[in-house]
Amino acid sequence: MPAPSRAAVRAIYERALPDLLFEAQRVHRAHHDPAAVQLCTLSNVKSGGCPEDCAYCPQSAHYRTGVAVTGVLPVAEVRAQAERAKAAGATRFCMGAAWREAPADGRFGQVLDLVRAVAGTGLEVCCTLGMLTDEQARALKAAGCTAYNHNLDTSPEYYGEIITTRTYEDRLRTISRVAAAGMVVCCGGILGLGESREDRVGLLATLAALDPPPESVPVNALVRVEGTPLAERPPLEPFELVRTIATARILLPRARVRLSAGRTEMSPELQALCFLAGANSIFMGEKLLTTPNPEPSEDLALLATLGMRPMAS
Ligand code: SAM
Ligand code: DTB
Ligand code: SF4
């Protein structure tokens with residue numbers, strides 16, 4: 001099937017909300033169990049001091065946010081985190097590093113050790129380490145990393161307003177290397193950056209055109225962090241979030257659509273609406289990478305209230 005045009009994506013996005021949600025539900029039910037939610041846990045295995053200038057990010061060295069700058073965490077610590085995550089019901093463990101690109105030195109070998117350790121717990125392993133070479137992508141895959149997260153964040157037109165130290169093409173190149181190495185691609189974006197609806201449509205059209213299609217699509221709501229240039233942005237319009245999730249579900253029927261950052265500012269009702277729109281994955285754990293996330297007990301209680309449940313591995 002050819003990728004849908006931007007006009008076609010816009011037409012889906014702008015449907016009357018009942019029609020949009022009905023279609024999203026129809027697609028969701030054809031490909032997924034509508035009561036199951038994948039639980040992923042994040043670990044920031046290398047914090048802060050990143051040379052990129054992503055305007056939303058508390059880990060960029062360009063802004064003063066108070067985030068600690070560290071080396072790669074020790075294997076024992078990350079293995080213990082993964083075991084706790086598994087005991088709490090998570091099935092995927094995602095390791096993030098505040099790098100522009102995965103380094104060519106021994107720190108990459110340290111990350112491979114972390115991948116092997118987490119894979120040994122039986123959890124699905126995902127990494128997000130910045131740009132990769134073909135060799136690094138193959139080495140991650142060989143160590144047991146099955147998924148790689150690399151977000152496009154926003155439309156091609158708006159990208160330059162948010163990040164100046166790399167291009168959209170750089171991102172697309174890493175995404176194709178990940179797929180070529182046999183890992184599945186996790187690729188999504190952030191809403192609430194100050195982008196227009198047309199930018200959200202442009203991001204969705206780009207995601208729908210990726211070949212192979214992303215296995216998972218994180219939809220982040222901007223976490224406004226003091227010290228970053230976007231700290232004072234107005235809050236995201238909740239129905240734009242719902243429309244984005246529903247459109248992603250319709251365009252990418254088989255993908256996990258992940259309601260990602262920003263849930264501490266969302267009511268249970270809004271999160272439930274996102275599940276109805278086709279979201280079927282969340283990050284579970286007290287922290288995302290550097291910012292707070294709802295308590296795991298609250299998340300499990302919300303799923304129970306809705307008659308939903310964690311997805312089995
Ligand atoms: N440095 C690597 C990279 O940029 O690909 C990996 C880690 S980076 C923190 C992973 C993703 O987190 C970014 O692509 C962005 O979409 C998301 N992110 C970062 N800061 C955020 C914030 N304040 N609010 C919402 N999402 C954020
Ligand atoms: C993604 O799209 N969202 C996660 C994960 N991929 C790595 C990260 C969210 C980070 C939110 C800001 C922070 O905690 O530093
Ligand atoms: Fe660095 Fe990633 Fe943050 Fe951008 S989003 S500043 S690349 S850690």
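Start at 1 and go down the list; that is how both ligands and their atoms are numbered. Computation of the quantities below employed the complete heavy-atom set of this structure, encompassing side-chain atoms and omitting hydrogens, waters and symmetry-equivalent molecules.
- Summarising the local packing, CZ of Arg254 is surrounded by 12 or fewer heavy atoms from other residues, nucleotides or ligands at distances under 6.0 Å.
- Residue contacts with ligand 1 for Ser260 are absent, since no atom lies close enough (heavy atoms, distance under 4.0 Å).
- Both the backbone and the side chain of Thr291 come within 4.0 Å of ligand 2, counting heavy atoms alone.
- For atom 16 (O) of ligand 1, the nearest protein heavy atom lies closer than 4.0 Å.
- No part of Glu101 comes within 4.0 Å of ligand 3, judged by heavy-atom distances.
- By the rule that hydrophobic residues join a cluster once side-chain heavy atoms approach within less than 4.5 Å of another member, Val201 and Val217 end up as members of one cluster.
- Under 4.0 Å from ligand 1, not a single heavy atom of Cys50 appears.
- Considering backbone and side-chain N/O of Asp153, one or more are found under 3.5 Å from N/O of ligand 1.
- By the 4.0 Å heavy-atom criterion, Val223 is excluded from the residues contacting ligand 2.
- Counting only heavy atoms of the protein, atom 8 (S) of ligand 3 lies nearest to Ala98 CA, 3.6 Å.
- Atom 1 (Fe) of ligand 3 has an N, O or S atom of Cys50 closer than 2.8 Å.
- Comparing Thr290, Asn151, Asp153, Asn44 by heavy-atom distance to atom 13 (C) of ligand 2, the nearest is Thr290.
- Evaluated by nearest non-hydrogen atom to atom 24 (N) of ligand 1, the leading choice among Ile163, Ile162, Val223, Val225 is Val223.
- Remark: ligand 3 atoms within the under-4.0 Å shell around heavy atoms of Tyr56 are 5 (S).
- Placement of Val125 and Phe108 within a single hydrophobic cluster is found when ILVMFWY residues are connected by side-chain heavy-atom separations under 4.5 Å, directly or transitively.
- Given atom 4 (O) of ligand 1, the protein heavy atom at minimum distance is Arg171 NH2, 3.8 Å.
- Near Leu289, meaning under 4.0 Å from one of its heavy atoms, ligand 1 places the atoms 9 (C).
- Within the 4.5 Å cutoff, side-chain heavy atoms of Gln59 are placed close to those of Ser47.
- Arg6 has a carboxylate O that lies under 4.0 Å from a charged side-chain N of Glu198, or vice versa, which qualifies the two as a salt bridge.
- Under a 4.0 Å N-O distance rule, the pair Arg173/Glu101 does not qualify as a salt bridge.
- Distance check: Thr133 OG1 to Arg177 CZ gives 7.0 Å after rounding to the nearest 0.5 Å.
- At least one heavy atom of Ala97 sits closer than 4.0 Å to an atom of ligand 1.
- Residue-ligand proximity, Thr128 to ligand 2, at heavy-atom distances under 4.0 Å covers atoms 7 (C).
- By the 3.5 Å distance cut-off applied to N or O atoms, Arg166 is not counted among the residues near ligand 1.
- Contact annotation for Asn220 and ligand 1: only side-chain heavy atoms (C-beta onward) come within less than 4.0 Å of the ligand.
- Within the 4.0 angstrom cut-off, atom 6 (S) of ligand 3 has one or more protein heavy-atom neighbours.
- Side chain of Ser216 to backbone of Arg256: no donor-acceptor contact under 3.5 angstrom is found.
- Residue-to-ligand polar distances keep Gln59 apart from ligand 1: every N/O pair is separated by 3.5 Å or more.
- Here the protein heavy atom with the shortest distance to atom 6 (C) of ligand 1 is Thr128 OG1, 3.1 Å.
- Contact annotation for Ile190 and ligand 1: only side-chain heavy atoms (C-beta onward) come within less than 4.0 Å of the ligand.
- Between Pro58 and ligand 2 there is a heavy-atom distance shorter than 4.0 Å.
- Within ligand 3, the atoms closer than 4.0 Å to a non-hydrogen atom of Cys54 are 4 (Fe), 5 (S), 6 (S), 7 (S), numbered from 1 in the order shown.
- Arg138 and Glu135 are joined by a salt bridge, as a carboxylate oxygen and a charged side-chain nitrogen come within less than 4.0 angstrom of each other.
- Ligand 2 is never approached by Tyr56 to a heavy-atom distance shorter than 4.0 Å.
- Neither the backbone nor the side chain of Val225 comes within 4.0 Å of ligand 2, counting heavy atoms alone.
- The protein reaches atom 20 (N) of ligand 1 closely, with a heavy atom under 4.0 angstrom from it.
- Contact of the Leu39 side chain with the Met311 side chain is not registered, since no non-hydrogen atoms from C-beta on lie closer than 4.5 Å.
- When hydrogens are left out, the protein atom nearest atom 12 (O) of ligand 1 is Asn151 ND2, 4.6 Å; that is the closest non-hydrogen contact.
- Ion pairing between Arg309 and Asp33 holds under the 4.0 Å rule for side-chain N and carboxylate O.
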